[in-house]
Amino acid sequence: MATVEKTARKTADIFDKCGRYTAAREMMGRGLYPYFQPIEASDDTEVVIRGERKIMVGSNNYLGLTHTPYVLERAREAMFRFGTGCTGSRFLNGTLDLHEELERRLAALMGSESALVFSTGYQTNLGVISALVTRGSVVIQDRLNHASLVDGAQLAAGELVRYAHGDLKALRRALERNAGANGILVAIDGVFSMEGNIVDLPGVVELCEEFGARILVDDAHAAGVLGPNGGGTAEHFGMQDRVDLTMVTFSKSFASIGGAVSGPEDVIHYLKHHGRSLIFSASMPPAAVATVLACLDVMEREPERRARLWENADYLRTGLQSLGFDTATSETPIIPVASGNIEETFVFWRALFDGGVFTNPVLPPAVPEHSCRLRTSVMATHTTDQLDAVLDAFGRVGRQLGLR
Ligand SMILES: Cc1ncc(COP(=O)(O)O)c(C=O)c1O
């Protein structure tokens, strides 16, 4: 008993760090805190925050499908047919015929044998990587991969190896060094979420084939955006038959929430029975699944939406560049604007926000030190007037703050 008391007295309070964390409160005090802005109303390309309208260039709603009447109606029907939630895991009482229909449709879009729907994209990466990369196996990742791929590796019993962004020589060295492993998975973003550049998929696939490694492509920002049918990075490069696994989220082009992985039938079957984030979490709600199915219908029927998305992306990127801003390696609807250090980024964000433009400040650890940026992203439904208003605001703020 005495020993327990002694130990208890010595133990630090696990909450101590919370009281010491002041950085965010300091920014709030100065009116520069950009996060958790409560949106009161939204009509897709514009939102209302504290009574003021802002043009939304911070959303991943690439195809502008969140407010499409057909999509809303399909979501409503599903909610009235099945109720508001599934109240259980896919594994037990949480599989609807809608989940299975979605899996068939996604497998067809990705050119795969099979697919498996999870409750979020984040959980998809956690489940897939932790189930496949077991003790003695290795997962090799580009250093700028999304956090969910990294977290999946941290949950896995195997080893995580990272290489410098886009450096195929470094990838080759990593493959050589780990040639004796009990299986290698190379996991990469198809479109890098903070840079907006497309992975050199042919280069990565060739290396994987040479070393007998398997490849997982995270197509969160590529599905619906890249490829003639919106099939993503592999479709864009015409190499769907050479990519082992493709992961997608529904929180971007598909106007919903959820995620999926597609690939060979036996791998999907294995993941169904070993993916802990699938088995131990409730499934995607009916309205969310129906939303994705409806988005797939619209994608098939209206390819002009994707064409318009790319026109809008080119328009905004070229406009920002001609104002003198640095959009780095962007080549997709994700267009980051270099914004200096953390302080400068917050001031830049606030001036644009007050000028009626919603952007997302991106700071370390989401991006490397000294490369803060305001991340803008374009939708198919932005009008040219809206994009011009965004460019006007950037130009005005850039001049005021002496940026560019
Ligand atoms: C590249 C990438 N992968 C995975 C995810 C996770 O997706 P979700 O938002 O569906 O959990 C995201 C979302 O930000 C992402 O950008």
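Atoms within a ligand are numbered from 1 in the order they appear, just like the ligands themselves. As the structure is a prediction and not an experimental result, all values here were calculated from the model. All heavy atoms count here, side chains included; hydrogens, waters and symmetry mates do not.
- Distance from atom 16 (O) of ligand 1 to its nearest protein heavy atom, with residue and atom name: His221 NE2, 2.6 Å.
- Taking atom 5 (C) of ligand 1 as the reference point, the nearest protein heavy-atom neighbour is His146 CE1, 3.4 Å.
- Within the set Thr120, Ile334, Asn60, Thr249, the minimum heavy-atom distance to atom 7 (O) of ligand 1 is found for Thr249.
- Between Phe36 and Tyr33, the ring planes lie parallel to each other; the angle is under 30°, not in the 30° to 60° tilted range.
- A cation-pi geometry, defined here as NZ or CZ lying under 6.0 Å from the six-membered ring centre and within 45° of its normal, holds between Arg76 and Phe80.
- In this structure Tyr122 satisfies the ring-ring contact (aromatic ring centres under 6.0 Å, His included) test with no other residue, sequence neighbours excluded.
- The closest approach between Ala147 and ligand 1 stays at or above 4.0 Å for every heavy atom of the residue.
- Under the 6.0 Å cut-off for aromatic ring centres, Tyr315 and His382 do not qualify, their centroids lying 6.0 Å or more apart.
- Nearest protein neighbour of atom 13 (C) of ligand 1, counting heavy atoms only, is Lys252 NZ, 2.8 Å.
- Near Ser193, with a cut-off below 4.0 Å to any heavy atom, the atoms of ligand 1 are 16 (O).
- Using a 4.0 Å heavy-atom cutoff, Ser148 is listed among the residues neighbouring ligand 1.
- Distance check: Ile129 CD1 to Thr134 OG1 gives 13.0 Å after rounding to the nearest 0.5 Å.
- Residues Phe348 and Phe394 place their aromatic rings such that the two centres sit under 6.0 Å apart.
- Proximity to Ala220 (heavy-atom distance under 4.0 Å) selects the following atoms of ligand 1: 1 (C), 2 (C), 3 (N), 15 (C).
- Relative to the six-membered ring of Phe353, Lys54 meets both conditions, a distance below 6.0 Å and an angle of at most 45° to the axis.
- When all heavy atoms are compared, the tightest approach of Gly340 to Glu344 is CA-OE1, 3.3 Å.
- Residue Gly121 has at least one nitrogen or oxygen atom sitting less than 3.5 Å from a nitrogen or oxygen atom of ligand 1, judged on distance alone.
- In this structure Glu103 satisfies the side-chain contact (heavy atoms from CB on, under 4.5 Å) test together with Arg90, Glu100, Ala115, Leu116, Val117, sequence neighbours excluded.
- In this structure, the protein non-hydrogen atom closest to atom 6 (C) of ligand 1 is Tyr122 N, 3.5 Å.
- In terms of polar-atom proximity, defined here as any N/O pair under 3.5 Å, Asp218 does make such a contact with ligand 1.
- Taking a cut-off of under 4.0 Å to the non-hydrogen atoms of Gly258, the atoms of ligand 1 that pass are 10 (O).
- Counting only heavy atoms of the protein, atom 9 (O) of ligand 1 lies nearest to Ser251 OG, 3.1 Å.
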